[in-house]
Amino acid sequence: MGKKPRNAITPIRTDDFPEWYQQVIKAADMAETSPVRGCMIIKPYGFALWENMQRIFDDRIKEEGVQNTYFPLLIPLSFISREAEHVDGFAKECAVVTHHRLESGEDGNLVPAGKLEEPYVIRPTSETIIGDAMSRWIQSHRDLPMKLNQWCNVMRWEMRTRLFLRTSEFLWQEGHNAFETAKEAQEDSLKMLEAYREFSEDYLAMPVITGEKTADERFPGAVATYTIEAMMQDGKALQAGTSHDLGQNFSKSLSIKFQGRDGEEEFAHTTSWGISTRLIGGMIMVHGDDDGMIMPPRVAPHQVVIIPILREGQDEAVLSKYIEGLRAKLKNIGVRVHIDNREERTPNKMWDAIKKGVPLRVEIGGREVEEETLTYVRRDIGKDSKTTCSVDDFLSSVSGVLDSMHDDMLARAKSFRDDNIKDVDSLSEIADYFSNNANIGFLRVDTSIMDLPNFDDTLKSHSLTTRCMPFADDGDKVLIGKAY
RNA sequence: CGGAGCGUGGCGCAGCCUGGUAGCGCACCUGUUUUGGGAACAGGGGGUCGGAGGUUCGAAUCCUCUCGCUCCGACCA
C-alpha cells in the first residue's frame with residue numbers, strides 16, 4: 001500500500017475545479033444534496049458558518065435603521081404578475097402551489113385535491129408581497145423612509161443546481177426600502193452595496209469589485225442594479241450580492257404612494273438588496289486549497305480547534321484539565337474554540353481540522369502541559385507555521401494572529417484577482433483571449449464596445465457575460481468574463 | 001428543455017458483452033500493538049443489484065417502459 005496523496009482533496013484544483021469544489025464541501029462536512037431535486041441539506045458545520053455571517057450582517061443593517069420582518073412563503077399569483085418585467089424575469093422559474101389537500105387515489109397513492117381558487121407562488125423574491133404591505137403602511141412622507149428586511153428562504157426552479165452556488169431553494173436576506181425621493185433611493189442602493197462590499201472584504205476576506213450591471217444583466221423591473229463581483233480561483237466570476245434601485249416601477253404597479261410635503265400624492269422610490277448562501281460557495285472557491293476549506297477567521301465556526309495528544313503512560317485527567325483551562329480562557333477573550341475529544345487517531349483529527357479549514361489548530365500533549373505552552377499551526381500556511389509558545393503569549397496574540405490571517409487571505413485573493421484582469425480594446429482580442437483555454441479571468445474594455453453589432457454574438461459564442469461596469473472606472477469600462 | 005453519462009452494502013467501484021442467484025477498496029464493529037501531518041495485523045456486521053413489466057428452468061446481467069442523479073449547454077443570486 002502506497003501512502004495517501006499529500007493533499008487531502010482529490011482531484012486538485014488545477015485538474016478539475018468543479019469536482020474539487022464538491023469534494024471540499026463533502027470533506028468539510030458543510031452540506032450535501034437532498035432527496036429534493038436541486039435542494040441542499042446544510043449540515044451543522046455549514047450552518048454554523050451561515051449563522052455567523054447572519055449575525056454580523058444583521059447587526060450591520062440595523063445600524064442603517066433597517067427592521068426585520070417576516071412575510072409569507074406563498075405569494076398570490078396575481079401579485080407576481082403586477083410588475084410586467086418582473087413577471088418575465090421570474091415566471092420561468094416559479095414553483096406553484098395549486099392544491100391544499102391530499103386524498104387517497106384509486107391506486108392507494110395520495111393525490112392532490114382541493115384545488116385553490118388562485119394559485120400561490122413560492123416566493124422567488126418578495127418585492128411584490130412586501131410592496132403590497134408597504135402600500136398600506138405608507139400614507140405620508142412622514143412614514144418614509146421605511147426600511148424592512150427579512151432573513152428567509154426563497155425558491156427558484158433552476159435548471160441546473162450546484163451546492164451553495166445555485167440551489168432551487170436558498171437562504172438569504174432581502175432588504176426592501178422605500179423613500180420619498182429618487183435621489184435617496186439611489187443613494188440607499190449604493191449604500192447597501194457598500195455594506196456588502198465591506199462585509200465581503202472585512203469578514204469573508206473575499207475581495208469584490210463594485211459596479212453597475214449592464215442593462216442586459218439588470219434585475220427584472222429595476223432602474224439600476226449594482227453588484228459586488230468576485231473572482232474565483234478558476235477565473236470565473238461570482239455575483240456575490242446585488243442592490244437594486246427600483247425607482248418607481250414597483251411603487252407604481254403596487255401602488256406605494258404617499259402624500260408629499262406639498263400635499264400632492266406621489267409614488268415612493270424603492271430599493272431592494274440581497275445576499276445569500278451563495279456567498280459560502282464563493283468563500284470556498286476563493287480561499288480553499290488542495291487540502292480543503294480555509295475558513296475566514298472572522299466567520300469561522302471554530303476559530304481554534306484544540307487537539308489533545310495523548311500518549312501512553314500519560315495522565316489523561318491532567319491533560320484534560322489543562323485543555324479545559326485553555327478553552328475557558330480563550331472563550332473569555334471572545335475566541336470561538338472547539339476541543340476535538342473524539343475517540344479518533346490524532347493524525348485523523350488533524351486532517352479533519354485541515355479539511356474543515358479551522359484557522360488555528362492547537363496541539364497539546366505532554367510536552368506542552370509540562371512546559372505550560374501550546375503548539376499551533378495556521379491553516380492558510382500549514383505546518384511551516386508551527387509555533388510553540390506560552391499559553392499567556394498565545395492568549396495575548398491570538399486575535400492578532402487571526403487578524404493577520406484574515407489580511408493575508410484577502411491580500412492573496414486580491415492579487416490573484418488583479419493579476420487576472422486584462423485590458424483589451426477589441427472584440428477580436430476578447431475572442432482570442434477566451435479561445436485559449438489557458439486564459440482565465442476578466443477582460444476590461446471600453447463600454448463603447450457594447451454598441452458594436454457583433455458584441456452579443458462574440459460573448460455568447462464564448463459563454464461570456466458582462467459582469468459589471470466598475471465604479472472604479474467611473475462607468476467607462478465594462479468587465480467581461482465567464483460566470484457561475 | 002437540448003447533449004452525454006450514471007444508478008450494485010454508508011461512500012467509491014467491479015461484475016453485465018459470453019444469464020447460474022453478489023465481489024473489491026474505503027468507512028463501520030471487536031481485539032492487540034499504535035497515536036506530534038492520513039497506522040498495522042487478525043476477526044466481524046451490513047446489500048438482492050433505482051422502480052415496474054417482460055423473456056427464461058433461472059435475470060444485477062437480455063428486452064421494454066419509467067423514475068432519479070451528475071456533467072456540458074441555454075436560464076439564473
Side-chain angles (χ1 to χ4, degrees), chain A residues 1-10 16-19 21-23 26-27 32-39 88-94 107 124-125 153-174 196 213 216-220 225 227-230 237-244 272-282 291-292 307-314 343-355 361-368 374-377 379 382-386 388 460-463 465 482-484:
Chain A
M1 285 292 283
K3 288 200 172 178
K4 292 207 175 183
R6 227 168 275 115
N7 54 287
I9 303 296
T10 308
D16 185 349
F17 196 78
E19 181 60 22
Y21 172 77
Q22 311 254 62
Q23 293 305 322
K26 190 187 284 188
E32 61 184 37
T33 52
S34 76
V36 183
R37 198 204 87 108
C39 295
D88 288 349
F90 286 106
K92 301 183 296 295
E93 49 188 47
C94 283
D107 52 2
T125 178
N153 55 344
V154 290
M155 178 161 272
R156 298 179 188 178
W157 209 262
E158 302 289 356
M159 295 330 292
R160 198 174 144 220
T161 58
R162 309 186 74 187
L163 290 180
F164 290 118
L165 294 177
R166 187 180 303 102
T167 44
S168 296
E169 180 187 17
F170 59 93
L171 305 182
W172 76 345
Q173 60 71 216
E174 49 176 327
Y196 287 153
K213 284 284 185 189
D216 284 350
E217 301 283 326
R218 209 177 274 153
F219 178 77
T225 288
T227 179
I228 52 171
E229 294 285 326
L238 186 75
Q239 179 174 313
T242 48
S243 180
H244 315 290
S272 70
W273 33 281
I275 49 173
S276 72
T277 37
R278 168 179 266 194
L279 281 173
I280 295 176
D291 285 332
I307 298 177
I309 293 165
L310 191 62
R311 308 190 80 157
E312 204 183 358
Q314 195 177 326
E343 273 190 48
E344 184 58 77
R345 295 172 42 77
T346 300
N348 289 331
K349 290 187 185 185
M350 295 190 174
W351 280 105
D352 284 345
I354 291 167
K355 289 185 284 194
R361 183 173 87 241
V362 169
E363 304 171 10
I364 294 177
R367 284 205 300 271
E368 286 80 5
L374 56 75
T375 299
Y376 72 88
V377 179
R379 171 61 180 88
K383 57 185 173 185
D384 292 343
S385 66
K386 192 175 262 200
T388 299
K460 197 160 189 181
S461 63
H462 293 275
S463 304
T465 49
K482 297 189 181 185
Y484 275 99

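These numbers come from the heavy atoms of this one structure, side chains and all, not from hydrogens, waters or symmetry mates. Letters A, B, ... are given to chains in the order of the sequence lines, protein chains preceding strands, and every chain is numbered from 1.
Regarding contacts with the backbone of B:C71, a side-chain N or O of A:Q22 is found under 4.0 angstrom from either OP1 or OP2.
With respect to A:R37 and A:E158, no salt bridge is recorded, no charged nitrogen being found less than 4.0 Å from a carboxylate O.
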Requested in this report: Would you please test A:E169 and A:T167 for side-chain hydrogen bond (donor to acceptor under 3.5 Å, both in side chains) and show each step?
Outcome: CA-CA 5 Å; A:E169 180 187 17; A:T167 44; over 6 Å; no
Report task. Using the side-chain contact (heavy atoms from CB on, under 4.5 Å) rule, take A:T242 and A:F219 through it: C-alpha gap first, then chi angles, then the decisive distance, then the call. Result -> CA-CA 9 Å; A:T242 48; A:F219 178 77; over 6 Å; no
Report task. Evaluate the side-chain contact (heavy atoms from CB on, under 4.5 Å) criterion for residues A:M155 and A:C39: first the C-alpha distance (whole Å), next the side-chain angles of each, then the deciding distance (0.1 Å), finally the verdict. Result -> CA-CA 9 Å; A:M155 178 161 272; A:C39 295; 4.1 Å; yes
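Across the protein-nucleic acid pair, A:M155 atom CE and B:C75 atom P stand 22 Å apart, rounded to whole Å. At whole-Å resolution of the value, CD1 in A:I280 and C1' in B:A77 are 13 Å apart. To the nearest angstrom, C1' of B:G38 lies 14 Å from CD1 of A:I309. Across the protein-nucleic acid pair, A:R361 atom CZ and B:G37 atom C1' stand 7 Å apart, rounded to whole Å. Look at CD on A:E217: it is 9 Å from P on B:C75, rounded to the nearest Å. The CZ atom of A:R345 sits 9 Å away from the P atom of B:G38 (whole-angstrom rounding). B:U34 atom P lies 18 Å from atom NZ of A:K349, rounded to whole Å. Rounded to whole Å, atom P of B:A77 lies 18 Å from atom CH2 of A:W157.
In this entry B:A77 has no Watson-Crick or G-U wobble partner, no candidate having both defining distances under 3.5 Å. Across every strand in view, B:G20 sits in a pair with B:C57 that passes the Watson-Crick or G-U test at under 3.5 angstrom. With a cut-off of 3.5 Å on both pairing distances, B:U48 has no Watson-Crick or G-U wobble partner at all. Nucleotide B:A27 forms no Watson-Crick or G-U wobble pair with any nucleotide shown, as no partner meets the under 3.5 Å limit on both distances. Pair assignment for B:G7 gives B:C67, based on Watson-Crick or G-U wobble hydrogen-bonding distances that are each under 3.5 Å.
Along RNA chain B, the nucleotide nearest to A:E169 and the one nearest to A:K386 differ in position, and the one closer to the 5' end is contacted by A:K386. Toward the 5' end of RNA chain B, the nearer of the two residues A:I354 and A:G38, judged by each one's closest nucleotide, is A:I354.
The side chain to side chain contact (heavy atoms under 4.5 Å, CB included) search around A:S461 returns none, not counting sequence neighbours.
Nucleic acid contact class of A:L165 (heavy atoms, under 4.0 Å, all strands): base. Within 4.0 Å of A:G365, counting heavy atoms only, lies at least one base atom of the nucleic acid. Among the heavy atoms of the strands, none lies under 4.0 Å from A:E229. If you check every strand for non-hydrogen atoms under 4.0 Å, A:T375 touches a base. Base engagement by A:G366 is indicated by at least one non-hydrogen atom pair under 4.0 Å involving a base atom. Within 4.0 Å of A:G89, counting heavy atoms only, lies no atom of the nucleic acid at all. Within 4.0 Å (heavy atoms only), A:T167 reaches at least one base atom of the nucleic acid. A:K213 comes within 4.0 angstrom of nothing in the nucleic acid, heavy atoms only. Contact annotation for A:I275: no contact, since no heavy-atom pair falls under 4.0 Å across all strands.
Evaluated for a side-chain contact (heavy atoms from CB on, under 4.5 Å) with A:T225, the options A:E217, A:R218, A:Q239 yield exactly one hit, A:R218. If you run side-chain hydrogen bond (donor to acceptor under 3.5 Å, both in side chains) between A:T375 and each of A:E363, A:E368, A:R367, A:R361, only A:E368 comes through.
Only the P atoms considered, B:G25 is 15 Å distant from B:A14, to the nearest whole Å. For B:C26 and B:C67, the C1' atoms lie 29 Å apart once the distance is rounded to whole Å. One P atom belongs to B:U34, the other to B:A39, and the distance between them is 15 Å to the nearest Å. Separation of the P atoms belonging to B:A27 and B:A40 is 9 Å when rounded to the nearest angstrom. The separation of B:U21 from B:U56, taken at their C1' atoms, amounts to 14 Å, rounded to a whole angstrom. Between B:A59 and B:U48, the distance separating the two C1' atoms is 11 Å to the nearest Å. Using atom C1' as the reference point in both B:G19 and B:G54, the two lie 15 Å apart (nearest Å). Between B:C49 and B:A60, the two C1' atoms lie 5 Å apart (nearest whole Å).
Nearest nucleotide to the A:R311 side chain, out of B:C11, B:G38, B:U35: B:U35. Counting only heavy atoms from C-beta on, A:R156 has its side chain closest to B:A77 among B:A77, B:C71, B:G37. Considering only side-chain atoms of A:R278, the nucleotide from B:G36, B:A77, B:U70 that sits closest is B:A77. Comparing atom distances between the A:K26 side chain and each of B:C11, B:A77, B:G38 picks out B:C11 as nearest. Picking from B:A39, B:C75, B:C69 the nucleotide with the shortest atom distance to the side chain of A:N348 gives B:A39. For A:R367, counting side-chain heavy atoms from C-beta on, the closest listed nucleotide (B:G37, B:A74, B:G36) is B:G36. Side chain of A:T33, nearest nucleotide from B:U70, B:C11, B:G37: B:U70. When distances run from any side-chain atom of A:R162 to the nucleotides B:A74, B:C71, B:G38, the shortest one goes to B:C71. Checking B:A77, B:U35, B:C28 against every side-chain atom of A:E344, the shortest atom distance belongs to B:C28. Checked against B:G36, B:G37, B:C28, the side chain of A:E363 finds its nearest nucleotide in B:G36.
The two residues A:K349 and A:P308 make their nearest non-hydrogen contact at NZ-CD, 4.2 Å.
In this structure, A:Y21 OH and A:R162 CZ are separated by 7.0 Å, a value rounded to the nearest 0.5 Å.
The aromatic ring of A:F170 sits over the base of B:A77, with ring centres less than 5.5 Å apart and planes inclined by under 30°.
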Query raised in the report: Just by protein heavy atoms under 4.0 Å, how would nucleotides 1-9 of chain B read 5' to 3' in B, S and -?
Result: B--------
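Not one N or O on the side chain of A:R156 forms a donor-acceptor pair closer than 3.5 Å with the backbone of A:E93.
Residues A:I364 and A:I309 fail the side-chain proximity criterion, which asks for heavy atoms closer than 4.5 Å. Side-chain contact between A:T161 and A:S168 is present, with at least one heavy-atom pair separated by less than 4.5 Å.
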